[in-house]
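Here is the structure we will look at.
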Amino acid sequence: MAFVTELPYRVALSDGDVHKEKQTWETNYTPIYVMTTIFAIIFFIGPFAIKKGENKWIIKTCMMLASFFLWLFWVTVYIAGMNPLVGPQLRNTTLAWMAHTWV
Amino acid sequence: MGSLFRSEEMTLCQLFLQSEAAYACVSELGELGLVQFRDLNPDVNAFQRKFVNEVRRCDEMERKLRYLEKEIRRDGIPMLEIPGECPEAPQPREMIDLEATFEKLENELREVNQNAEALKRNYLELTELKHILRKTQVFFDEHEGGANTTESMTRALISDDPNRHMGHVQLGLRDKQESLEFLPCFVAGVILRERIPAFERMLWRACRGNVFLRQAEIDTPLEDPSSSDQVYKSVFIIFFQGDQLKTRVKKICEGFRATLYPCPESPADRREMAMGVMTRIEDLNTVLGQTQDHRHRVLVAAAKNIKNWFVKVRKIKAIYHTLNLFNLDVTQKCLIAECWVPALDMETIQLALRRGTERSGSSVPPILNRMETIEDPPTYNRTNKFTSAFQHLIYAYGVATYREVNPAPYTVITFPFLFAVMFGDLGHGAIMAAFGFWMCYKEKPLQAKKIDSEIWNIFFGGRYIILLMGLFSMYTGLIYNDIFSKSLNIFGSSWRNNYDGSTLQSNQLLQLNPDSKDYLQYPYPFGIDPVWQLAEANKIIFMNGYKMKISIIIGVFHMLFGVCLSLWNHLYFKRRISIYVEFIPQILFLSLLFFYMVLLMFIKWTTYGATPGHFGSQDPEIVKTSAFCAPSILITFINMMLFKHDKNTRPQCDDFMFSGQMFIQKLFVIVALLCVPIMLFGKPYFIMREQKQRARQGHQPVEGNAENGTAGGAPVPASGHHDEEITEVFIHQAIHTIEFVLGSVSHTASYLRLWALSLAHAQLAEVAWNMLLRKGLMSNDYQGGIFLYVVFAGWAAISVSILVLMEGLSAFLHTLRLHWYGHTPNQYISSIQIQIQNHLFQLRCQHNTFLECQNINNNVNSTTASKKSHSPEKNRRNKHSRLFFVFSQFFIFF
């Protein structure tokens, strides 16, 4: 496995006060609001949009069930990721590449 | 309401049909497929029913058709599929025409076949003779061209002797004088090649080595006339002396089924015979060809209509079988039928009956009467092409009792969703969705093709399921961030590298710390962070923790949903007591234990973690909510159930997650445990009370009706609900409770298969990528290109066959299990009385089969007729088997 000798990256100092953008440490709740709103619209308002058709009832049920379970799945992942207890263990090459590309 | 929510309302109707109109009316009803007829002659033997002759005639016709079909298939003629709609059932008078046609066709075909066989036999004989003549020429030539001194002798000896019918050949005897007396004879014939060694041995042994056998193989195989097999034969010629040997040789030839042919000994004769044989063979060939042509023409003409005929004959048979269920009334002019009919379809049925009477030209209209009954009607769920597949998944577990809530419509979403949790891969999901989409889009052309393969029919029947499974898998694949084992970084990862160059150069593996600036303190907005796919050793550890939790969360919600459905059943059947002593304890038990565990998971996720801005702080308050102090939920739950309190090994941490936790947990467990005796004894107690009340009121029948107008609301059920024995009630309830309690634990744990299968899928995908495609992608130059081309084929084959097909089938099976055992039993009231599937009388063509005439075969003596008398015993038997099953589960669990 190759060790990279020259790394074109920013040097991160240990006291960590050199950053391009200002760090805000408030928890960002925007994704929760957005996704919950989307799924809530499908769950609560969607059924009223289906007016005609002989399969009204089953379409409504499917919409509600689907939106609930999909939202539940997403929100569980999000909340699980909000406060991770461990971080990933990565190879040094991967880390170097991360430092280079993920600015 | 005629929807899938619960099974339809059925009415028992009595149908009076005039005898002339009966056939046409039943035909119309069959096309509708909405009626289930009851057998009004259950004690009558099948051979004593009224229309048994017609059924027999139909059987004959079917036999002839099957013979025709076999012949058509043998010749490889394609049979025309029925274009468009299936043909209607023909009128009774058409039946005679059909019979005559079939009879004619069959006779013709049999005659042609017999002739062909005779001709072929002839042909075979002539061919064999031809070969004999050719080969024996060789034998005789050898003797002629031999350099022994007997050469001239043989030439002299091979003369035309009209007195002997066997040829004489000199066999190389030194003594010519004596040989004249013992002139050898020969026989020539043909035998199967395989039998030659045994034949030779037998000849040698029986004739003590005094015969001489020459044989030569026939190169081309010959056709055996009766079996149409191609067999290899050999020509043989046996030389011997004397009559005794002659008889022996002949007997042996007969025993080995060798055919003997007269072979003239002089070459001139042989040549003449050969020419004669050739001309005869040619003639025979022509005749044979013409016979085959004629046969072919007959079969082609039949092949055009044969599917049509099959359908018609089956329809006639079905109609007569149904007519056999009817009763003839006293005046012998009218047929009486009893049938179950969906209440919403009464008008449709009336119309059909009117159409039938008009078609038959009868003047008397049929009468359809509603009948009051106390029996349990059959369960009928009206499904369309989309929901029928899901309904069948549920039917495979059991059919709900009449008017119970139907679990199938929810399966439309939960089944693909649970499958997707196990399958979660965007790429494979896309493949599956594309396949499902293609099948649904090309539904009509594919259906019209009527492909015979059973596997294809299984896939095609579940096309909507496959489409939905694929779509949901794409969603879960996006959330798991897994496309062919690679992750997508759409929104920007939340992890950064903060190690400097020298650290990176000196360490191969480094871990990022969320309690630092490595983690941006807000999660990836949609799904799992893409960095985790790159993680080396702890990817699986992290994913395990996450996936196990999500499996339990989904499982608890799914099971709670199932239990909630039973509430609708209790409300509908007006069992308010059940709500208090069954539904509420069940919900409490599930929620207080397992939903609480789910809440603990959410609490752990939100309370424990890094505190932004105070990374690595030693402040005791901050340490208490750091990752160091995060408790294990499993241990917490186990301690909660066992009322144990572990010693605190980490003094900086609190041993509770929220204040009051210990007290709440103890309270929850006690309440949950209290629910068990309520479930166990509640319902039997109330039933006992009811029975005592009824017994008391039954003794005062006169005053009862007037004053106590509501002796329990509904009229006293003098129905099939005769008072059950009280022990039966207790056992019934005990089984239910044990099943529920043990089941809730066991099935909650079994939802962990959602985690297990998704782990397996992810690992398989990773192995396939790393071992195959990666090697191809990393190769260089032109050879690399070709190598990649080949490797991609291998990777794609493995992806589709193992990951999509095999994993898909596996996940399908597990999802089915989760539905059958996790969801449905919580909801069925009396899963013990699992009803026999209703058998609608349907004449419509469905899928690949001509008819779904389910009424014909076995359930003619349907249980509905004899159900009342049999149900208690059946219940008791079923209950004991259930009890055994529940206890075995108990042991398996521990």
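It should be emphasised that the depicted structure is a prediction, and the values quoted were computed from it without experimental measurement. A, B, ... follow the sequence lines: proteins, then strands. Residue 1 opens every chain.
Proximity to chain A (any heavy atom under 4.5 Å) is restricted, for B/Tyr546, to the side chain, taken from C-beta onward. When heavy atoms are compared at a cutoff of 4.5 Å, B/Ser494 does not approach chain A at all. Only the side chain of A/Met35 comes within less than 4.5 Å of a heavy atom in chain B; its backbone stays farther off. Of the two parts of A/Leu90, the backbone and the side chain both hold a non-hydrogen atom closer than 4.5 Å to a non-hydrogen atom of chain B. Only the side chain of A/Pro31 comes within contact range of chain B, judged by heavy atoms closer than 4.5 Å. For a residue to count as touching a neighbouring chain, one of its non-hydrogen atoms must lie under 4.5 Å from one of that chain's; by this rule B/Phe628 does not touch chain A.
The cationic atom of B/Lys547 (NZ for Lys, CZ for Arg) lies less than 6.0 Å from the six-membered ring centre of B/Tyr480 and within 45° of the ring axis.
For A/Phe48 and A/Phe44, the ring centers sit 6.0 Å or farther from each other. For A/Phe39 and A/Phe43, the distance between ring centers is not under 6.0 angstrom.
At least one donor-acceptor pair under 3.5 Å links the side chain of A/Asn92 to the backbone N or O of B/Leu504.
Considering all non-hydrogen atoms of both residues, B/Gln521 and B/Ser516 come closest at NE2-O, 3.6 Å.
Most heavy-atom pairs under 4.5 Å with chain A: of the set B/Asn513, B/Val531, B/Val412, B/Asp529, this distinction falls to B/Val531.
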